[in-house]
Each structure stands twice: as structure tokens, then as C-alpha cells.
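What follows is a short report on a single structure.
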Amino acid sequence: MALELRVWGSAFGLDSIDPECLAAVACFRSCIPRQDWTLIASNDAAVSSEYRLPALSHKGNWVSGYSDIISYLTKHGILHIDDDLTPPQRADTLACASLLATRGSGLLAMSLYVSPRAWVEMTRPAYSSLLPFPLTWTVPPAVRAAAVEKAEHLGIGYLAAEVDAEESSSAGLVETTSTGFLRLRERLGPRKTMQPEHTAAIRFQHFAEDFYSVLDDFRGHKTFFLRDDKPSSIDFLAYGYLQLMRVQTPHPILKNALEKSYSRLVVFVTELRSYGDNEELPWREPKARGALGLIGRFAEGSIEAIPGVGGSWRKWHKGGVDTRDTYDVRDPTQLIIAVGGAVTSVVALGAVALFRALPPFGASAHRFEAAREDRAGLRQFGEIGSILDGLPI
Amino acid sequence: MSSQNPSAASTKSPGASGWLAIPAPLARLFKRFPLLTYPPNELPVRSPRVRDVAALYVFISDQDALNGLPSFNPSCLKWQTFLKLAGVAFRAIPSNNHASPTGALPFLIPPSSPNSFVSAKPIPSTKLEQYTAENGTRKISEISSLKLEAYEALLNHRIRNAWLYALYLSRPNSALLSHLYVAPVSTSRVVKTTVLYQLRHAAEEEILRSIGALVVNPERLYDGAKEAFEALSTVLGSGEWFFGASKPSLFDAAVFSYTHLLLDQGLRWEDRRLTEIVEEFSNLVEHRNRILQRYWG
């Protein structure tokens with residue numbers, strides 16, 4: 001039974017930079033005997049067909065994503081932590097996993113990726129240490145772009161710029177009016193005296209506390225989320241998210257909210273951590289990527305980063321949502337795209353040919369014409385002659 | 001008059017204001033025509049005539065709006081149902097996203113008294129719950145359990161993704177999609193094709209963003225939805241309403257908005273996989289029928 005788990009590598013003193021990878025590592029560590037699995041920090045999402053990590057390889061099958069990996073292992077009788085769950089517990093597991101995947105990952109995206117200071121000072125350097133050289137230029141921006149989209153999707157993206165504007169505006173305490181006089185701050189009420197970044201921080205904190213209170217409510221007074229005696233798969237997933245939320249960022253709103261108001265969740269994290277901590281992780285070095293592979297991946301990343309083109313190229317290259325389903329219907333758009341592509345390329349070729357035929361810019365054009373000997377009729381009598389030449393005689 | 005005019009023109013024409021003055025012959029010409037004021041244009045047929053009832057702007061066909069039938073858009077139907085549950089009097093008005101101040105339907109324009117000239121401010125869907133609490137005639141049960149939020153995430157994550165796939169991306173349902181969202185937009189073939197492409201593209205982006213993968217297999221989406229409906233079915237159990245409440249809540253309306261549209265015979269689903277999944281859970285089907293009979297009947 002050779003299980004091979006591929007994850008994003010370690011960062012911030014944790015085993016992985018990604019919550020789901022962290023969860024998978026924690027789950028494997030405490031539930032699967034060490035000799036049965038290997039852990040590879042491949043940092044390459046392209047291994048699985050869905051382009052996401054964690055990815056598990058088992059007898060040639062690739063599964064990716066924490067929930068899918070757990071259900072795969074449970075189905076194959078390798079993992080037994082979720083075996084004796086009652087239907088309500090299963091329902092709770094699913095709902096809680098959805099909450100973590102939407103709200104939880106949105107909060108993490110805000111605190112680690114969207115916030116410019118956290119990104120510049122922590123997350124980007126962490127990715128740079130994980131990735132080989134040219135990929136540090138393409139992969140981290142793509143990861144961040146995805147995180148920004150996620151935060152915007154949740155409707156909390158607008159908080160980011162404000163939360164992080166703290167330095168710039170507190171440095172500019174002295175505001176001047178357009179005529180150069182010092183502008184005094186209006187002090188009319190809390191709303192006026194507060195900087196926008198403070199209100200944003202309060203809103204963000206409120207959002208975070210909402211999230212924690214739901215998790216806290218799920219757990220109730222049990223040791224773990226669903227029961228007292230042993231953890232189930234959802235515990236490890238929550239652990240993964242909470243661990244990353246406890247990372248000290250430049251604006252540790254998530255961390256402070258968790259540790260101040262929800263100390264019971266912190267207790268849960270430490271408890272689960274001790275649950276399988278005595279095991280050494282079966283790390284294995286990833287296979288070195290060849291120079292060609294690196295350059296290929298770099299080129300891929302560069303093309304995907306081109307505005308306007310990248311999205312459709314990625315979709316064409318990687319697939320997007322697979323619509324070629326069991327229902328096979330011929331799609332007329334394919335033909336339109338093919339014809340359009342052909343026409344565009346012909347036009348482009350024509351343009352190139354035309355451009356090469358043009359003289360170089362800036363060069364003066366010389367025209368050589370044979371001198372015309374036209375000295376017949378009245379023209380031969382000089383100026384007057386040429387005037388009279390036009391007369392009908 | 002006639003003796004004065006030419007003299008005025010002759011004194012003015014060399015001046016700087018000669019550009020702006022109307023030349024005398026033209027002025028005389030204009031004077032021959034009397035000023036005619038047309039009567040004001042009539043209001044468009046779809047503009048609100050009755051303003052003493054709140055108007056809820058939703059995705060709905062004109063005919064269905066007149067008959068007070070459900071909207072075909074889940075988020076609109078959720079609020080439409082919720083207002084019905086709470087006993088708020090309103091009329092559904094066909095609209096689209098471009099009409100909304102927030103960019104998304106539904107929104108509600110509260111009734112304005114005929115004497116006041118200040119038009120009522122539109123209420124976006126995020127504030128509808130509060131509006132309902134103030135204006136509803138029936139009491140809506142408040143779910144105190146915080147688990148509710150997690151189950152809402154389940155609905156907005158797994159079930160919504162499968163819904164988006166089934167309606168927008170599944171090719172057999174193209175006819176239904178065109179009928180609901182594309183045909184009302186325009187009769188031009190070019191516009192229709194573009195709109196269809198944009199809708200599909202947006203739906204795909206939405207699914208991928210929500211899942212966090214670059215490639216998604218529809219089988220996975222349907223499996224995810226099946227698990228989610230199973231979880232909902234478990235939570236509902238044999239109770240009448242979700243979370244053991246004595247009266248329906250917003251969450252019941254949210255679940256109804258998906259189950260009803262999937263089970264509705266009026267919508268011609270060609271790819272019926274999602275419908276078949278819902279049909280497996282008899283208590284969800286009964287829940288849908290209960291709301292339909294009691295509050296929509």
C-alpha cells in the first residue's frame with residue numbers, strides 16, 4: 001500500500017502553507033502508519049488532473065483536495081476515522097467543511113494573501129523559498145490572484161486595501177488643504193474621527209468572530225468537533241485552517257480574535273496537535289525538475305499572466321469545467337473558434353508580410369523617374385510659351 | 001416692427017455678438033410658426049402604476065409576474081418565498097441585473113404614499129430580512145443555532161455549484177437556459193449568442209473560483225450536491241421545518257428555492273440528474289410541496 005501525498009511545502013513554522021495540505025498531513029500523521037505513506041513537498045499543482053494540492057497517488061489513481069482524499073481512502077478501507085459517524089454527524093461534517101472552504105479560506109486569503117504587507121513580508125518570501133528560481137516569478141502572483149478573487153467573491157475584498165492603508169495614512173497625519181493650510185480633523189463623532197482602515201479592521205474582526213463562533217458552536221463542549229473520544233476528518237480540516245489563522249501577520253486580526261475570545265478553539269488546536277505529534281513525518285525529496293520542465297512551466301505561467309489572453313488560454317490548455325459530459329452534444333462554438341482562429345492567423349501572417357515589405361521607418365524615399373523631354377509646341381518659348389500652350393489654337 | 005428690424009440687424013452685424021444673434025430673415029421665418037407643445041409622453045407600460053404595494057424586482061417572465069408565480073432564479077425565489085412566508089404584500093416585477101442599484105436582483109421598492117413626492121429608496125436583498133421583520137404580518141421563526149450559517153455555506157457552495165453547472169453549462173439544458181435568460185434579452189441572433197457565451201463564461205468562473213481548482217469534473221459537482229442534499233435531508237428529518245422550528249424560516253425559503261425549481265414541471269430540464277437527486281429524498285420533496293401549497297397556493 002504505497003500512498004504518496006503531495007503537498008505545498010512548509011512555511012511559517014508549519015508543515016504546509018496551505019490549509020488543506022496541513023489538514024491532510026495532520027490526518028495522515030495520526031491515522032496512517034508511517035511506513036504506509038510518503039510525503040512529498042512537490043509544490044507543483046500540475047501533478048493532479050484538477051491542478052490543486054493536496055494530491056494523493058494510490059496505485060496510479062490521483063485524487064486531490066482534502067475531502068476527496070478522505071472519501072477515497074474511506075471507500076478503499078484504508079482510513080477508518082469517519083466509519084462510525086451517525087447521519088447527523090455526517091451532515092455536520094459536510095456543512096462544517098463547506099463553511100471552512102468558503103468563509104475560512106476567504107479569511108485566510110484576506111490575512112495572508114490580499115493584505116499587501118503580509119504578502120510582501122511573509123507569504124511571498126515563503127513561496128519564494130519553496131519554488132525553484134524562474135517559477136518564483138509566475139506561481140506566487142497566480143496564487144495571490146486566485147486568493148484576491150476568493151476574497152472578492154465573499155464580498156470582503158473591499159476591506160483589504162483599507163486594512164493595509166494603515167502606514168500610509170498614519171504617516172500623513174499632517175493633512176493640508178488645497179491652499180496649503182493645515183487641515184484640522186473634524187471631530188464630530190466616532191464615525192468621523194475613525195480612519196477608514198480602523199473601521200475596516202473592525203468589520204474584518206467582526207467577520208472573523210462570526211466565523212469562530214460558528215466553529216465554537218459546532219464543537220460545543222466536546223473534546224473534538226463531533227465526539228469526545230477520537231477525532232474525525234473534520235477535526236483535522238478545522239485544525240489546518242485554525243493553525244494558519246494563528247500565524248503572526250503584520251496585522252494579526254485573525255490571530256488576536258482567535259486567541260482573545262475563542263481560547264477554547266486554541267485549546268482544541270493544541271490538543272489535536274499533540275494527538276499525533278510523536279510521529280516523524282515521512283518526508284521524501286521531490287524529484288528534481290529538469291531545466292526543460294522548469295522552462296516549460298515558466299512559459300505556461302507567463303502566458304497565463306497575460307491579461308485578456310491568459311484566461312482563455314488556461315481554459316483551452318487545462319480544461320475548466322468539463323462540459324464534454326456523458327451527454328455528448330456537438331457544439332457549434334468549436335467550429336466558430338476554429339474558423340475565427342484560422343482567419344486571425346491568416347490576417348496576422350498577411351500583416352507580417354506587409355510590414356516586412358514596407359521600407360524602414362525614417363528612411364527617405366527616393367523616386368527615380370526618366371526625365372521627360374517635352375519641348376514641343378509653344379512650350380519651347382519659355383514661360384509665356386507654356387502659358388499659351390494650354391490655349392486651344 | 002418691420003422698419004425697426006433691418007436697422008437693428010445692420011447695427012449689430014459688425015459687432016462681436018453677431019455670431020449669436022439670429023439673422024433677421026430667420027427670425028422672421030421662426031415667428032411665422034407658432035410654438036406647439038406636445039402632451040407629455042405616456043409612461044411605459046411596465047412602469048409601476050400601483051404604488052401602494054411594495055414591488056419586488058425579480059427574474060420572471062411577464063406572464064408569471066401577472067399570475068403571481070415563482071421566479072426562476074434561486075436567489076430571487078428565496079426572497080420571494082420569504083416575503084410570502086412573512087405575509088408581506090408585494091408584487092413581483094420582471095427585471096434584470098442592470099436595473100438593480102447593487103447589480104444583483106432581487107431588490108424591493110417599498111410602497112410610497114401618494115401624497116409624498118420623495119420616492120422610496122430601493123432595499124437590496126441584504127436588508128430584506130430587516131424590512132420583513134418590520135412589515136411582515138406573520139411571525140417568522142428565528143433560528144438561534146449557529147449551525148445555520150454552516151448549512152447556508154453548504155447550500156451556497158455545493159448545491160449552488162451543481163445548479164450553476166446544470167443550468168448554465170450542461171449542454172442538454174441549453175434550450176432551458178436560452179428560454180429563461182437569453183431569449184428575453186434580445187431577438188437578434190448575434191446578441192443572443194454573445195449573451196449566452198457571457199453567461200456560460202461567468203458561471204464557469206464562479207464554479208472554479210468557489211472550488212479552488214482549475215479543472216472540475218461535472219460528476220464531482222453532482223456527487224457533491226447529492227451529499228449536500230443528503231445532509232439537508234438528515235437535518236430536516238421528519239420535522240416540518242428545518243432545525244425543528246415551529247414555523248418556516250429564511251433557511252426553509254432558501255432550500256425551497258432550489259428544490260422547487262428542480263422539481264417544477266414547468267421547467268423543461270433535459271439533463272435531469274440534479275432533479276433525480278432531489279427526488280431521492282422524499283422529505284425534501286414533501287418540504288417543497290408543503291411550502292408550495294401553504295404559501296404559494
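Throughout, protein chains are lettered first and strands after them, A, B, ... in sequence-line order, and every chain is numbered starting at 1. Keep in mind the model is a prediction, meaning the values are calculated, not measured.
B/Thr234 approaches A/Pro88 most closely through the heavy-atom pair CG2-N, 3.6 Å. B/Arg209 and A/Glu149 get closest at one heavy-atom pair: NE-OE1, 3.4 Å.
Contacts between A/Asp68 and chain B at a heavy-atom distance below 4.5 Å involve the side chain alone, from C-beta outward. Heavy atoms of A/Ala101 lying under 4.5 Å from chain B belong exclusively to its side chain. Heavy atoms of A/Thr102 lying under 4.5 Å from chain B belong exclusively to its side chain. For B/Ile211, the parts sitting under 4.5 Å from any heavy atom of chain A are the backbone and the side chain alike. Using a 4.5 Å cut-off between heavy atoms, B/Arg158 touches chain A through its side chain atoms alone.
Between A/Leu94 atom CG and B/Tyr151 atom OH the span is 8.0 Å, to the nearest 0.5 Å.
Looking only at side-chain heavy atoms (C-beta outward), B/Leu208 and A/Tyr51 stay at 4.5 Å or farther from each other. No side-chain heavy atom of B/Glu152 sits under 4.5 Å from any side-chain heavy atom of A/Leu99.
The number of heavy-atom neighbours closer than 6.0 Å to NE2 of A/His206, taken from other residues, nucleotides and ligands shown, is 12 or below. Dense packing is recorded around NZ of A/Lys222, with more than 12 heavy atoms of other residues, nucleotides or ligands lying under 6.0 Å away. For CZ of B/Arg268, the number of neighbouring non-hydrogen atoms (other residues, nucleotides, ligands) closer than 6.0 Å is 12 at most.
Comparing A/Ser98, A/Gly65, A/Ser71 by how many heavy-atom pairs each has under 4.5 Å with chain B, the most go to A/Ser98. Contact tally against chain A (heavy-atom pairs below 4.5 Å) for B/Asn156, B/Leu154, B/Leu148: the top residue is B/Leu154.
Salt bridge B/Glu149/A/Arg103: present, at least one basic N to carboxylate O contact under 4.0 Å. For the pair B/Lys147 and A/Asp217, the salt-bridge criterion is not met [side-chain N within less than 4.0 Å of a carboxylate O].
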